[in-house]
Amino acid sequence: MSTVAIQAEALAKDFVLHLQGGLRIPVLSEIGLSVHAGECVALAGPSGAGKSTLMRSLYGNYLTDSGSILVRHRGAMVDIAVADPRTVIAVRRETLGYVSQFLRVVPRVAARDVVAEVLIARGTPEAEARGRASELLLRLNIPSRLHGLPPATFSGGEQQRVNLARGFIGGHPILLLDEPTASLDVANASVVAGMIEEAKARGTAIVGIFHDLDIRDRVADRLFHVAPIQEAA
Amino acid sequence: MEGYNFAYLDEQTKRMIRRAILKAVAVPGHQVPFGSREMPLPYGWGTGGIQVTASILGADDTLKVIDQGADDTTNAVSIRRFFARTAGVRTTTRTAEATVIQTRHRVPETPLREDQIIVYQVPQPEPLSRLEPSRVQTKIMHALGEYGLMHVKLYEDVARYGQVSISYDYPVMVNGRHLMAPSPIPAFDNPKLDRMPALQLFGAGREKRIYAVPPFTSVRSLDFDDHPFRAIRAPHACGLCGATDCYLDEVVVDDRGKRLFVCSDTDHCATRREAGHSGADSLPEAAE
Amino acid sequence: MIAPGALLSARGLALSFGRIVALRDAAMDIWPGEVLAIVGESGSGKTTLLNVLSGNVRPDGGTVAYRSGSGAVVDVHAMPAPALRALHRSEWGFVQQDPRRNLRMNVSAGGNVGERLMAQGARHYGNIRDEAARWLETVEIDASRIDDLPRTFSGGMLQRLQIARTLVTRPSLVFMDEPTGGLDVSVQARLLDLIRSLVARLHIAVVLVTHDIAVARLLADRIMVMQNGSVIETGLTDQVLDDPHHPYTQLLVSSVLAA
C-alpha cells in the first residue's frame, strides 16, 4: 500500500450560532478518514450530512473542535486542525489544493492570471506560469479570446472551469474537489474526469464530492459515508 | 559721543549677543535665538548685522560697510557713519584695510584673511521657511538633519526649468551638518564661503537669530550629481576695469537705454583701475 | 519580546483616553511578506492599534518590537525619535485613508515620489526622475503626468500616487489605514488589485486596517477582529470569515451585503 497523504482522526465539529441564542448544531462527530497517494475517495451521504463541512475542515477553512487532520507536507505530517495560519498557508501553497463550487472572483484580474497566480506564488517565472495557465484553460474549452478577460463576466460554467484550472495547475499532492462538475455539460465533465484520472496516476490523493454519479463511479476508488448526526435530545 | 555707550548698545546687551555668537560659532550653521533690540533704524535695514557688529567692535578696529557691493549707497553710508559716531572707529572702503566688514547682499571679491570678520545682514535666517511654514517643524528637521525637503525644491526647479532656479540666498550645507541660508548674496558668491579664512557671522534682527561659519569650515551649495552647482555671472567683462571673473551689475547710463555692465564690488573695481586695468567703456576722467 | 522569525510583535498593549479604553491587552505578530487585516467597527480601537504599532502613539503599557533589516530587534517605543523617523522613511511606510495627508499638494507627482529617495541621500536627478517615472507607471499613472501637481489628479490617482511615494524605498513593512475608503467602487477594485499584486511581488508585510470585510478577504492572509479595544478573534482570513466563532465576528460577517 502506498503512503497515507491525508488522515483525519476523531474529527468533531459543532456550529454555535450566537445570533440565534447560542444554538449549537453538531455536524461532524468521530470522523476517521485516511486517503493514500493515488487514491480517490468520494464522500457520500444525504444532503446536509456534513460532506461540505468535512471537506472545508480538511482544507482548514473550518475550524474543528476536536480530532486531528494530518497532512503529509514536505515529507512530514502536519496537523491542519491545530497548525498556525502561516503553516496552513504554506501547506495550501504546496501540498493541499482545493476546488470550491464557486469561483471567488477577484476584480479586474484576467482569467489567465487567476490561474497562473498559483504557480507565481511558488516562484515560477510569470511568462512560464501564464503559458501553462493558457494551455490548461484551452484544455477546459475556455477559448483564448477569454483568457485576458476577468472572469466576473463569464457564465457559471466558464467560471467553474477557470476555478478547476486554478485547482489543477499546481499539481498539489492532495486535491479536495467540492462538486467539481456541478455546472458543466457532459463533454466538459468528461475532460475534468480525465484530469482527475491523470492526477491519480501521478500519485495525487483526492477527496471529492460528486453529485454526478457517472463521474463518481468513473474516478472514485471507494466511497466514504458521512451520516447526519442525530439531534441531541 | 556724549550720552551713548561705546558702539551704541549697552554692555549687558553686547555680552548677551556675544554669548549667542560663541554658541553659533560652536555649532556652525545652527540658528541661535537672541534678544534683538530696537535699533535707531527700521527692520530690514540691517538691524541684525548692526547688533552683531556693535558687539564685536573694538576701539582699534577698522570698519567697512557694503550694500550690494557698493560702499557709497545710502544704507552703507549711514551704517558706517553710525559706528564712526557711536564708536569712533576708523572706517574704510578698502576691503584689505578693514578688520570688520558688514555686508548686505555681497561678499567682497578680494579674498578675506584670518584677521578679518565678515558680518552678514539677514532678512530670513530659515532656509526651509518657504517650504515648511511651521517653525516647530523646521526646528525638528534641523535637529534631525532631515533635509530631503530642500532637495525636493531643487528637484522641482530642475524638472520645471531644466536647472536650479535659485539665483540668490542659495541654500548651503555647513560642516556637513546644518542647512543654512547664506543671506541674499548671489549664488555666485557661495563658493567664497567655503573654507573662508575669515570668521563669518550672520545676524537677523527681525527674526532674532544669529548664526555663524567659523574660519576654514566647509560650506557646500546643495546640488545634484548630474546638475552640479554653478556660480553664474553675466557673460560680460566689466565696462570700467575689464574684469571677467567677478560679479557684475547692469546699469542704464543714459536716457536712450544704453546699458553698462560694471563690477558690483566698487572697491574691487577701483583697485583694479588704479592698478592700470581698464574696460571697453572706461572714461579717462571718470567723475568721482 | 519578538516571535521567532516575526517582523513586528506587540504584546500586552494597553491605552486609555481618560475613561475610554482604546486598547486592552492587545497582541499581534506579523511575519515578512504577510498581509494582516485588522477589522472591526468604528471605535473598536483598530486605528489606535495601527498608530501604536507604528510608533505614532505611545501606549500606557505593553511593547512593540521590530526586527530591522540589519537583523537587530528594536523596541519601537523606546527608540530615539530620530531613529523612529528614519525607520518611517526607509523600512516602513504608512498609507493614509486621505492621500492629501501624506502627499505634498504643491509639489509635482515626480517630486512626491522622489522625496523619500532624496531623504535617503539620492543625489542624482536623472536617476531619481527615472525611478519616479517607473513608479508612476507601476501604479498605473501615465509617466507624462510626472510634472503635474497632485491637485489635478482624481481621488483614485491620488491614492495610487501615495502608494508609489510610499513603496519607492521598498519598505519591508507598510501600515495602511482604510486605503480604499472614500473611493468609488470601481476605483476601489482597481486599487485593491494594485495593492494585492505589488505586495505579493515586492514581498511587503502589510498591517491593514479596514472596516470592509470584502477588502480584508481579498488582501489579507490573516485577520484580527477587534471590539472595544480587545482582539476577540484571530486566524486565517477565510477561516475566520467562513467559520466565525465569536458572537461579534458572526454578527460582523452576517452584516455584510453580498454583491
Side-chain angles (χ1 to χ4, degrees), chain A residues 13-25 27-28 52-53 55-65 69 80-93 96 98 100 102 104-110 113-114 116-123 125-126 129 150 152 178, chain C residues 3-7 29-37 140 180 185-197 199-201 203 205 214-215 217-224 232-255 258-259:
Chain A
K13 173 154 186 69
D14 297 351
F15 283 110
V16 180
L17 306 180
H18 293 286
L19 302 181
Q20 292 170 38
L23 178 66
R24 178 176 289 269
I25 304 174
V27 185
L28 302 176
S52 273
T53 301
M55 195 74 117
R56 284 166 170 257
S57 299
L58 295 179
Y59 192 57
N61 180 225
Y62 284 177
L63 212 55
T64 47
D65 300 322
I69 302 163
I80 290 289
V82 294
D84 64 77
R86 286 177 314 118
T87 306
V88 176
I89 288 171
V91 168
R92 286 178 178 182
R93 187 167 54 230
L96 189 59
Y98 179 65
S100 59
F102 303 103
R104 200 174 276 285
V105 182
V106 182
R108 256 180 32 110
V109 180
D113 295 340
V114 169
E117 197 177 59
V118 177
L119 296 178
I120 293 169
R122 290 184 194 165
E126 293 190 14
D178 191 351
Chain C
L7 197 58
D29 298 295
I30 187 164
W31 280 267
E34 181 186 49
V35 180
L36 171 69
E140 302 171 16
T180 59
V185 177
S186 62
V187 177
Q188 249 191 40
R190 183 178 188 185
L191 187 67
L192 283 172
D193 176 38
L194 185 73
I195 294 175
R196 194 166 158 274
S197 62
V199 160
R201 187 165 4 126
H203 199 65
V215 168
R217 190 187 277 276
L218 204 57
L219 292 181
D221 300 306
R222 286 194 301 122
I223 200 166
M224 261 170 70
I232 53 163
E233 189 160 356
T234 168
L236 210 57
T237 301
D238 63 84
Q239 183 265 304
V240 170
L241 296 182
D242 292 341
D243 185 17
H245 280 59
H246 192 278
Y248 175 72
T249 314
Q250 291 189 354
L251 177 67
L252 202 64
V253 171
S254 66
S255 312

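Chain letters run A, B, ... following the sequence lines, proteins first, then strands; residues in each count from 1.
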Inset, instruction - Please name all residues satisfying side chain to side chain donor-acceptor pair (under 3.5 Å) with A:D178, sequence neighbours left out, ordered by chain then number. - result: A:S52
Legend entry - A:T87: partners by side chain to side chain donor-acceptor pair (under 3.5 Å), with sequence neighbours left out: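 Only A:D84 meet the side chain to side chain donor-acceptor pair (under 3.5 Å) criterion with A:T87.
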Legend entry - Region of A:V16 that comes under 4.5 Å of a non-hydrogen atom in chain C: backbone
Inset, instruction - State whether A:R108 and A:D113 are salt-bridged, where the test is any N-O pair (Lys NZ or Arg NE/NH1/NH2 against Asp/Glu carboxylate O) under 4.0 Å. - result: no
Pick one of side chain, backbone, both or neither for [X], based on which atoms fall under 4.5 Å of a heavy atom in chain A.
| X | value |
| --- | --- |
| C:H246 | backbone |
| C:L251 | both |
| C:E34 | side chain |

Inset, instruction - Using a heavy-atom cutoff of under 4.5 Å, enumerate the residues of residues 189-196 of chain C that contact chain A, numbered in order, or state 'none'. - result: C:A189, C:R190, C:D193, C:R196
Legend entry - A:R92 and C:D238, any side-chain heavy atoms less than 4.5 Å apart: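 When only atoms from C-beta onward are counted, A:R92 and C:D238 do touch, with a gap below 4.5 Å.
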Inset, instruction - Could you tell me whether the side chain of A:Y98 reaches within less than 4.5 Å of the side chain of A:R56, counting heavy atoms only? - result: yes
Inset, instruction - Would you sort out whether A:K13 and C:D243 count as a salt bridge (Lys or Arg N to Asp or Glu O under 4.0 Å), showing the intermediate values? - result: CA-CA 11 Å; A:K13 173 154 186 69; C:D243 185 17; 2.8 Å; yes
Inset, instruction - Could you tell me which residues satisfy ring-ring contact (aromatic ring centres under 6.0 Å, His included) with A:F15, sequence neighbours excluded, listed by chain and number? - result: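 Listed in chain order: A:Y62.
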Inset, instruction - Look up atom CG in A:L19 and atom OG in C:S254, then write down how far apart they are to the nearest 0.5 Å. - result: 4.5 Å
